[in-house]
Amino acid sequence: MLFSVIRIRGCLKRRFSSVSCHLFDEIPQRSAHSLFDSFPERGPDSCESIVIGFAKRGNVAEALKFFRGMIGFGIQPTKYTLCSVLSSCSKALDRHLGSQIHARLIRIGYEENLFLSSALVDLYAKCEALTEARRVFDGMKEHDPVSWTSIIAGFAQNGRGKEALIFFKGMLKSEIKPNCFTFASIFSACKEIESAFELASLLHALVIKLGVELNSFVISSLIDCYMKCGEINRAILLFDAAVGRDVILYNAMIAGFSQNSQGEEAWKLFIEMREHGIGPTYFTFSSLLNACGSLAVLQQGKQIHSLITKMGSDQNIFVVSSLVDMYSKCGIVNEARLVFDHSIEKNNILWTSMITGYAQGGRGADGLDLFEQLVKAGMIPDHVCFTSVLTACVHAGFLDKGIAYFDMMENKYNLIPEPDQYACMIDLYGRKGHLRKAKELMEHMPFEPNAVMWSSFLGSCRIHGEIDLGKEAASRLFAVQWHNMVPYITLANLYAEVGMWNEVVEVRKMMRCKGLKKRTGCSWVEVNKRVHVFSVRDGSHPQSNEIYDALDNLILEMRETGYVPKPKYVLHDVDT
DNA sequence: CTAGGGTTAG
């Protein structure tokens with residue numbers, strides 16, 4: 001290494017920039033730095049080479065530092081340098097410096113330069129200044145694939161998929177053809193819209209037509225989109241056909257399997273990628289832990305945890321949140337707390353994971369205690385966080401505290417309560433026997449009550465033997481969820497508990513008329529006084545509608561064998 | 001000599 005430095009220093013006698021490209025390949029960047037300092041004739045050429053060299057190699061901080069330095073020396077940067085620096089600004093999310101460069105560019109004129117315009121569009125898009133990005137884009141005299149892709153990616157990455165798709169339409173109308181970069185962005189925009197699957201299929205055809213179907217960026221984006229639509233088989237087809245499987249492709253598959261409750265498959269792929277010596281990365285860990293939580297397989301979760309520690313990934317905030325979530329879901333809240341305490345960086349999501357862990361583990365008081373600490377730590381709680389807090393109140397039966405926190409949302413944090421938080425309050429009032437109050441809340445909130453609210457309300461009616469209100473809730477549920485058995489069963493139980501046997505028979509008859517039948521292939525276990533439903537076929541843990549359907553049948557089955565479900569076994573307790 | 005892309009947590 002030393003020899004390289006000496007050799008390069010020899011070359012540098014006359015021109016620094018002539019060797020600067022090689023310089024970065026041969027010696028560490030730290031040495032490049034000191035070499036520059038020791039070089040006697042620091043002119044514009046050498047400064048620019050250093051800036052571009054660092055920028056090109058992704059050392060954004062150094063590139064920006066040198067750029068500031070050269071401006072301080074009064075050296076005028078060329079457009080080449082400004083282009084590199086803009087890219088570094090966008091990576092560092094330094095909108096301030098980026099705007100200053102923009103101002104400089106306006107003075108010297110840049111509209112004809114596609115490189116500079118695209119870099120500006122990208123900068124503003126990455127810094128979430130989409131109006132500004134659009135202004136630059138619209139001001140361009142002509143567009144190329146890069147500028148189109150920059151504006152499309154900008155909207156897609158900021159959760160504005162619809163607008164991204166409108167730009168994409170504009171691109172298709174123009175002479176410019178989308179390339180693999182464009183498609184990689186467009187599929188992430190796709191998954192946000194209603195008819196995602198239909199559109200993705202159409203665009204998939206276009207991908208093949210334009211011959212970019214082998215690009216791994218396009219494939220992983222497409223796989224992710226299909227997975228989010230629940231089209232697991234399509235994703236598998238794409239994955240099997242892919243030639244060079246990189247770590248992101250594996251991660252996309254593992255995340256997809258986890259999101260679709262196919263924990264076993266996620267694990268199989270993880271083992272496969274390890275056999276091929278690929279990864280894992282932070283992304284792999286968080287997806288895989290997600291799968292552990294839903295399978296409630298603690299052993300595997302612990303194995304991953306030790307691997308994470310071994311690889312030094314135990315301070316990544318995504319990984320930590322997943323660990324907390326996994327341990328909580330496996331019922332070891334104390335272990336989750338240890339991981340939480342050990343994490344140096346703590347954001348809103350991590351705090352919320354931990355509060356949820358306490359709430360769902362039946363330790364509502366600890367959850368609320370943690371929330372107070374969150375506030376003391378200077379964090380600003382958001383909607384999801386309040387859902388956790390209110391859930392903790394529901395589990396602990398803290399009515400007054402629940403009301404106080406609910407009011408606090410709007411009074412202290414300017415958060416307008418959403419259906420999720422109203423649902424908690426309806427549940428809380430209902431369970432405490434304040435059914436009128438719960439009903440009042442449903443009638444006066446700014447939106448229509450949803451199925452979750454009616455379900456919990458019906459459950460509360462059953463606990464407190466409120467026939468009339470229960471009947472009404474059940475009929476509302478029958479209207480929205482005709483395929484769901486839960487309201488029928490709850491209503492039947494409600495009648496049964498007060499001895500209205502004729503009505504029980506009526507409800508059973510209604511169920512039979514609707515053709516609601518028992519589902520096979522599911523079983524249940526009781527762990528920590530909670531019912532867990534799982535599929536016998538693959539051991540996976542069904543979610544949402546599937547879990548409700550399965551649970552309906554199980555409760556029926558249990559009742560038929562003389563098992564009387566307690567209130568805590570109503571559906572919203574099981575959906576964890 | 002300069003520009004654009006895919007996967008993760010409550």
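Heavy atoms only: backbone and side chains are in, while hydrogens, waters and symmetry mates are out. Below, chains carry the letters A, B, ... as their sequence lines are ordered, and counting in each starts from 1. Everything numeric here is computed off the predicted structure, so don't read it as measured data.
- When the side-chain nitrogen and oxygen atoms of A:S87 are compared with OP1 and OP2 of B:dG4, one or more of them lie within a distance under 4.0 Å.
- The nearest whole Å value for the distance from the CG atom in A:L105 to the C1' atom in B:dA3 is 13 Å.
- In this structure, A:Y250 has its ring center closer than 6.0 angstrom to the ring center of A:F239.
- Residues A:L105 and A:N113 have side chains not in contact (no heavy-atom distance under 4.5 Å, counting atoms from C-beta outward).
- Contact between the side-chain N/O atoms of A:K228 and the OP1/OP2 oxygens of B:dT8 is found at a separation under 4.0 Å.
- Taking the six-membered ring wherever Trp is involved, the centroid distance between the rings of A:F406 and A:Y422 falls below 6.0 Å.
- The CZ-C1' distance, from A:F283 to B:dT7, rounds to 6 Å in whole Å.
- Among the atoms of the strands shown, base atoms are found under 4.0 Å from some heavy atom of A:D144.
- Taking only side-chain nitrogens and oxygens, A:Q259 never comes nearer than 4.0 Å to OP1 or OP2 of B:dT7.
- The base of B:dG6 lies close enough to the side chain of A:S220 for a donor and an acceptor atom to sit less than 3.5 Å apart.
- At a cut-off of 3.5 angstrom, counting only N and O atoms as typed in the model, there is a donor on one side and an acceptor on the other between the side-chain of A:N347 and the base of B:dA9.
- Note: CG (A:N348) to P (B:dA9) measures 16 Å, nearest angstrom.
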A:F115 vs A:Y80, side chain to side chain contact (heavy atoms under 4.5 Å, CB included): CA-CA, chis, key distance, verdict: CA-CA 9 Å; A:F115 287 87; A:Y80 295 132; over 6 Å; no
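- With hydrogens and angles ignored, the 3.5 Å screen pairs a side-chain donor or acceptor of A:Q315 with a backbone N or O of A:I344.
- Rounded to whole Å, atom C1' of B:dT7 lies 16 Å from atom CZ of A:R245.
- Ring-centre distance between A:F168 and A:W148: not below the 6.0 Å cut-off.
- A:D246 comes within contact range of at least one nucleobase, with a heavy-atom separation under 4.0 Å.
- Side chain of A:S188, nearest nucleotide from B:dG5, B:dT8, B:dT7: B:dT7.
- Side-chain N or O atoms of A:S188 include one that pairs as donor or acceptor with a backbone N or O of A:S185 at under 3.5 Å.
- Note on A:A119: nothing from the nucleic acid sits closer than 4.0 angstrom, heavy atoms only.
- Proximity of A:K191 to the phosphate of B:dG6: no side-chain N or O atom is located under 4.0 Å from OP1 or OP2.
- Across the protein-nucleic acid pair, A:F155 atom CZ and B:dG4 atom C1' stand 16 Å apart, rounded to whole Å.
- Heavy-atom distances under 4.0 Å link DNA chain B to A:N215, A:S216, A:F217 of residues 211-218 of chain A, given in residue order.
- Side chain A:S84 to base B:dT2: no donor-acceptor pair is found below 3.5 Å.
- At whole-Å resolution of the value, CG in A:L350 and C1' in B:dT8 are 14 Å apart.
- Counting non-hydrogen atoms under 4.0 angstrom, A:I317 reaches a base of the nucleic acid.
- A:S286 comes within 4.0 angstrom of a nucleotide base, judged by non-hydrogen atoms across all strands.
- If you look at A:W351 and A:F371, their ring centroids are not closer than 6.0 Å.
- Residue A:Y110 contributes atom OH, which lies 18 Å from atom P of B:dA3 at whole-angstrom precision.
- The side chain of A:D224 sits closest to B:dT8 out of B:dT8, B:dG5, B:dA3.
- Out of B:dG5, B:dT8, B:dC1, the shortest distance to the side chain of A:Y80 is found at B:dC1.
- With distances taken from any side-chain atom of A:S221 to the nucleotides B:dT8, B:dG6, B:dG4, the minimum falls on B:dG6.
- In the interface, the side chain of A:D382 is paired with the base of B:dG10 through a donor and an acceptor atom under 3.5 Å apart.
- When distances run from any side-chain atom of A:I52 to the nucleotides B:dT7, B:dT2, B:dG6, the shortest one goes to B:dT2.
- No N or O donor and acceptor, one from the side chain of A:S353 and one from the base of B:dG10, sit under 3.5 Å apart.
- Atom CD of A:E345 and atom C1' of B:dG10 are 14 Å apart (whole Å).
- Of the N and O atoms on the side chains of A:N290 and A:S287, not one donor lies less than 3.5 Å from an acceptor on the other residue.
- Checking B:dG4, B:dG5, B:dT2 against every side-chain atom of A:V146, the shortest atom distance belongs to B:dG4.
- Put simply, A:F115 rests on the base of B:dT2: the two rings are less than 5.5 Å apart at their centres and nearly parallel, under 30°.
- Nearest to the side chain of A:Y282, among B:dA9, B:dG6, B:dT8, sits B:dT8.
- Among residues at least two apart or in separate chains, there is no ring pair (Phe, Tyr, Trp, His ring centres under 6.0 Å) pair with a member in residues 271-290 of chain A.
- The phosphate of B:dG6 has OP1 or OP2 within less than 4.0 Å of a side-chain N or O from A:Q157.
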